[in-house]
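Worth saying up front: this structure is predicted, and the values here are computed from it rather than measured. Every chain is numbered from 1 and lettered A, B, ... according to where its sequence line falls, protein lines coming before strand lines.
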Amino acid sequence: MRMSKMFGKTLRNDPAEAELASHRLMMRAGMIYQASAGVYSYMPLALRSLRKIEQIIREEMDAAGGQEVQMSALQPLEFWVESGRSAAMGSELFRLHDRRDRPLVLAPTHEELLTYMVKANVHSYRDLPLIVYQIQTKFRDEPRPRGGLIRVREFDMKDAYSFDVDQDGLDVSYDAMAQAYRNIFSRCGLDTIEVEADSGAIGGKDSTEFILVADAGEDTVVICQTGHYAANAEKAVFAKPQQDAEPLLPVEEAHTPGIKTIEELCEYLEAPASKTLKAVFYMTGGELVFVVIRGDLEVNEVKLSNVLGGAPDLRLATHEEVAAHGLTAGSASPIGVEGIRIVADDSIDMGSNFLAGANRPDYHFRNTNHHRDFEADIVDDIALAQPGDACAKCGMKLIMRRGIEVGHIFKLGTRYSDVLQAQYPDENGEPHLILMGCYGIGVGRLLGAAIEQNHDERGMVLPSTIAPYDVSLVALNMQNDSVAESAQALYDELRAAGIEVLFDDRNESAGVKFNDADLIGLPVRLVVSTRNIREGVVEAKARASDDAETVAARDVIDKVRAMLAS
RNA sequence: CGGGGUGUAGCGCAGCGGGAGCGCGCCUGCUUUGGGAGCAGGAGGUCGCCGGUUCAAUCCCGGCCACCCCGACCA
């Protein structure tokens with residue numbers, strides 16, 4: 001490609017709107033054009049990278065036995081009502097009506113439609129297992145798109161879906177997909193970690209996220225220093241500090257004037273936070289939920305939502321809502337509370353004789369104990385892991401990192417086959433529900449994440465496998481006939497050798513060309529100049545390196561190939 | 001949806017009750033060519049939209065919209 005003709009110009013100023021490096025650099029390089037919040041068009045440079053990423057994905061999916069399809073993005077709302085996800089996805093689902101006023105959606109993902117397609121085409125256990133995948137545009141009306149391609153409303157995604165006769169088969173498909181994912185990210189030049197994850201609105205049980213560690217990431221992951229355990233903070237478990245059991249003591253009331261927080265209580269009564277019970281109030285679907293957790297821990301709202309069976313619109317209750325139920329925020333405890341669901345973290349059973357609110361202002365109880373003094377309706381792990389907590393597996397300290405979720409794989413089980421009645425007959429003609437898995441990669445997000453992980457102060461430093469071209473061919477002084485001729489000859493020669501070249505044939509100064517080459521960040525830069533021609537050489541430099549070297553003109557192809565391979 | 005911020009030329013920004021500007025980019029010509037060149041000339045704007053105040057509004061007031069950031073939410 002001749003840069004003088006390329007659609008997409010570089011900018012000399014950073015666009016003010018872009019904060020993330022990947023967003024800023026893609027804007028500056030003229031790779032993307034924003035139409036609306038979280039809606040981007042891809043210019044040629046970005047599209048070439050995306051096509052390369054797609055091709056890598058396609059090869060690995062095919063190698064794992066996948067068959068590619070393309071499904072309709074426009075779907076009847078009916079599919080989503082039947083699966084129950086119209087309600088579950090709420091306003092995240094783009095909805096529209098056709099001219100006959102029939103309700104439609106722009107598909108945010110394709111489990112429902114593909115399940116119907118499988119019902120129509122899988123008639124026997126002999127047709128299973130089956131892995132089907134698609135690479136296409138999906139739509140989600142995100143509450144807050146951000147970060148360029150990192151979080152968008154219209155996006156390209158690879159989704160694969162597996163269909164198996166039983167759990168063992170699902171496990172095999174899931175493991176095959178996990179390995180394909182490792183291959184894909186590795187081939188794209190990305191360092192990812194695998195973490196246990198919450199499955200959210202997709203549903204299902206086991207799920208693993210592939211996270212690219214980056215400060216700009218939206219997700220927080222919890223990692224054991226040993227490397228044996230890693231999980232999304234939404235899901236992460238940890239070893240809660242144990243306390244020796246004590247003989248149960250009688251409840252006593254303590255005067256605690258003006259004391260409202262755990263911190264104040266601990267100071268006033270000279271007790272550790274782990275000897276207190278904290279009351280936190282949430283609202284979900286109009287119901288107030290009383291949450292109790294040991295004072296040294298915090299509530300994990302995703303875990304809380306899950307133990308409540310998927311609490312819609314879960315949020316902290318306001319002081320007014322708490323007061324309306326006759327409770328006293330700041331000195332509340334579950335003792336004597338009736339008619340309100342009480343959800344407890346299992347930490348309240350780790351220890352005894354806790355300090356807790358007395359349900360009237362300025363008083364607390366000493367020596368409260370679960371079962372003896374109150375009974376929780378649900379007891380489960382609803383605690384949030386914090387940096388420095390102990391790993392549940394080995395006891396080593398957990399650390400926290402920010403990361404970008406580039407892939408997520410789920411064991412859906414019968415979540416969709418049950419509600420949509422996708423069955424197969426076994427050898428005896430007996431019907432069984434098909435076991436499903438689904439496996440997603442955000443293609444555009446992967447490009448953004450790749451740039452997030454591979455850039456310096458001058459621009460992108462793209463992995464060779466996903467760079468839009470292999471080589472920046474920089475001709476210094478195109479006005480000079482010998483430079484123009486020899487650059488053109490090298491351009492032709494490189495292309496004939498199957499090397500993809502972005503030829504900077506513009507009539508720009510050396511500085512502009514070098515800076516643009518650094519910005520776009522192709523793996524190899526070749527320089528043709530009068531100086532080099534005089535010596536019969538071409539200068540070659542890897543984008544990732546500070547050092548350039550000169551090579552004889554006849555050795556350039558071999559040199560470029562070697563640099564691309566390294 | 002809550003909080004904060006910004007809307008003036010392609011990009012970055014200044015301005016201010018009465019002439020719409022600067023830097024970069026763009027066009028023409030000449031010179032220049034190893035890290036964002038020089039000189040000369042030039043093009044480009046419903047100052048986000050609607051309404052109000054005023055003799056007069058880009059500027060003041062009100063409403064709306066859009067975009068960005070934090071949070072909520074979310075694959």
Side-chain angles (χ1 to χ4, degrees), chain A residues 8-20 23-24 27-28 30 33-39 85 88-93 108-111 138-148 150-153 155 157-159 197-204 207-211 216 218-219 232 234 282-283 301-302 305 311-316 318 404-410 438-446 458-459 474-480 483-484 504 506-519 525 527-534 539 541 548 550:
Chain A
K9 298 295 180 205
T10 57
L11 296 174
R12 296 202 186 179
N13 296 323
D14 277 331
E17 301 279 75
E19 297 217 343
L20 286 195
H23 187 197
R24 178 169 49 81
M27 294 290 289
R28 270 196 71 172
Y33 182 87
Q34 181 174 13
S36 175
V39 181
R85 284 210 295 179
M89 299 201 77
S91 52
E92 198 173 317
L93 196 58
T109 174
H110 288 75
E111 282 83 8
K138 308 207 173 192
F139 301 86
R140 294 183 197 173
D141 197 357
E142 287 293 328
R144 187 150 96 80
R146 68 188 112 181
I150 299 298
R151 182 166 214 86
V152 288
R153 299 192 294 168
F155 58 103
M157 187 165 176
K158 186 283 301 179
D159 253 331
D198 183 75
S199 54
I202 294 282
S207 89
T208 300
E209 286 175 340
F210 290 76
I211 298 275
E218 302 180 289
D219 288 282
N232 193 302
E234 296 175 349
Y282 284 88
M283 293 297 294
E301 295 184 6
V302 173
S305 173
D313 301 322
L314 185 72
R315 61 171 173 81
L316 281 171
T318 63
I404 301 169
E405 176 191 348
V406 289
H408 198 162
I409 62 178
F410 304 79
C438 79
Y439 315 90
I441 292 179
V443 178
R445 177 183 281 184
L446 194 157
R458 307 183 72 79
V474 177
L476 296 183
N477 192 0
M478 283 295 288
Q479 304 279 7
N480 181 296
V483 170
D504 193 346
R506 298 173 302 169
N507 196 14
E508 292 285 355
S509 69
V512 170
K513 294 189 173 193
F514 287 142
N515 278 296
D516 278 349
D518 288 343
L519 171 63
R525 187 188 76 189
V527 177
V528 173
S529 68
T530 50
R531 195 173 81 188
N532 291 338
I533 290 170
R534 211 177 304 127
E539 178 192 294
K541 177 184 164 302
T550 53

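Below the 3.5 angstrom threshold, one finds no donor paired with an acceptor across the side chain of A:Glu508 and the base of B:rG36. Donor-acceptor pairing under 3.5 Å, judged by distance alone, is absent between the side chain of A:Asn13 and the base of B:rG25. Between the side chain of A:Asn532 and the base of B:rG34, a donor-acceptor pair under 3.5 Å is found.
Side-chain atoms of A:Arg140 come within 3.5 Å of backbone atoms of A:Pro108 as a donor-acceptor pair (strictly under, hydrogens ignored).
Distance noted for atom P between B:rG44 and B:rU28: 16 Å (whole Å). Separation of the P atoms belonging to B:rG3 and B:rA72 is 16 Å when rounded to the nearest angstrom. Taking the P atom of each, B:rG25 and B:rC67 are spaced 30 Å apart, rounded to whole Å. To the nearest whole angstrom, the two P atoms, one in B:rC26 and one in B:rC64, are 42 Å apart. The same atom, P, is picked in B:rC24 and in B:rA20; the two are 23 Å apart, to the nearest Å. Distance check on atom C1': B:rG18 versus B:rG51 gives 22 Å, rounded to whole Å. Separation of the P atoms belonging to B:rG45 and B:rG34 is 37 Å when rounded to the nearest angstrom. Using P as the reference atom, B:rG5 and B:rA14 are 15 Å apart when rounded to the nearest Å.
Summarising the geometry, atom CG belonging to A:Leu20 is positioned 6.0 Å from atom CD1 belonging to A:Ile150; distances are rounded to the nearest 0.5 Å. Here the straight-line distance linking atom CD of A:Glu218 with atom CZ of A:Arg146 works out to 4.5 Å at 0.5 Å rounding. Considering CG of A:Asn507 and CG of A:Asn477, their distance stands at 7.5 Å, rounded to 0.5 Å. Rounded to the nearest 0.5 angstrom, A:Glu508 CD and A:Asp516 CG are separated by 7.5 Å. Between atom CZ of residue A:Arg445 and atom CE of residue A:Met157 there is a gap of 8.5 Å, rounded to the nearest 0.5 Å. Note that the OG1 atom of A:Thr109 and the CZ atom of A:Phe139 stand 13.0 Å from one another [nearest 0.5 Å].
Between A:Asn507 atom CG and B:rG29 atom C1' the separation is 14 Å, expressed in whole Å. Separating the CD atom of A:Glu17 from the C1' atom of B:rU6 is a distance of 8 Å, rounded to the nearest angstrom. Look at OH on A:Tyr282: it is 11 Å from P on B:rA72, rounded to the nearest Å. Spacing between atom CD of A:Glu218 and atom P of B:rA72 amounts to 12 Å, rounded to whole angstrom units. Rounded to an integer number of Å, the gap from A:Asp141 CG to B:rC1 P is 11 Å. Between the OH atom of A:Tyr33 and the C1' atom of B:rG10 there is a distance of 10 Å, given to the nearest Å. The interatomic distance linking A:Lys513 (NZ) with B:rG34 (P) rounds to 11 Å, in whole Å. Taking atom CD on A:Glu19 and atom P on B:rC67, their separation rounds to 16 Å, with Å as the unit.
Between A:Arg144 and B:rA72 there is no side-chain N or O to OP1 or OP2 distance below 4.0 Å. Look at A:Ser509 and you'll find a side-chain N or O under 4.0 angstrom from OP1 or OP2 of B:rA37. At the phosphate of B:rU31, neither OP1 nor OP2 sits under 4.0 Å from any side-chain N or O atom of A:Gln479. For B:rG25, the OP1/OP2 oxygens have a side-chain nitrogen or oxygen of A:Arg12 closer than 4.0 Å. The side chain of A:Ser36 places an N or O atom within less than 4.0 Å of a non-bridging phosphate oxygen (OP1 or OP2) of B:rC67.
In this structure, B:rC30 forms a base pair with B:rG38, meeting either the Watson-Crick or the G-U wobble geometry with both donor-acceptor distances under 3.5 Å. Pair assignment for B:rC73 gives none, since no Watson-Crick or G-U wobble pairing has each distance under 3.5 Å. B:rC67 is paired with B:rG5 under the Watson-Crick or G-U wobble criterion, all donor-acceptor distances under 3.5 Å. The partner of B:rG25, taking Watson-Crick or G-U wobble pairs whose two distances both stay under 3.5 Å, does not exist in any strand shown. B:rA43: no Watson-Crick or G-U partner with both key distances under 3.5 Å is found in any strand. In a base pair of the Watson-Crick type (N1 to N3 plus N6-O4 or O6-N4) or a G-U wobble (N1-O2 and O6-N3), with each distance short of 3.5 Å, B:rC59 is matched with no nucleotide. Taking a pair to require two hydrogen-bonding distances under 3.5 Å in either a Watson-Crick or a G-U wobble arrangement, B:rA14 remains unpaired.
Among the heavy atoms of the strands, none lies under 4.0 Å from A:Gly148. Nucleic acid contact class of A:Pro143 (heavy atoms, under 4.0 Å, all strands): base. Residue-level contact check: A:Glu92 touches the backbone only, with heavy atoms under 4.0 Å from sugar-phosphate atoms and none from bases. If you check every strand for non-hydrogen atoms under 4.0 Å, A:Val406 touches nothing. Counting any heavy atom pair closer than 4.0 Å across all strands shown, A:Asp14 reaches sugar-phosphate atoms only and no base atom.
Of the two residues near RNA chain B, A:Asn477 and A:Arg506, the one whose nearest nucleotide lies more 5' is A:Asn477. Residue order along RNA chain B, read from the 5' end via each residue's closest nucleotide, puts A:Leu11 first among A:Leu11 and A:Ala548.
Between the side chains of A:Arg153 and A:Ser36, a donor-acceptor pair is found at a separation under 3.5 Å.
Nearest nucleotide to the A:Phe514 side chain, out of B:rG34, B:rG36, B:rU32: B:rG34. Side-chain atoms of A:Ala16 lie closest to B:rG12 of the nucleotides B:rA75, B:rG36, B:rG12. Here the side chain of A:Glu301 is nearest to one of B:rA75, B:rC73, B:rG35, namely B:rC73.
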*Evaluate salt bridge (Lys or Arg N to Asp or Glu O under 4.0 Å) for A:Arg525 paired with A:Glu539, printing each intermediate quantity in order.*
CA-CA 8 Å; A:Arg525 187 188 76 189; A:Glu539 178 192 294; 3.2 Å; yes
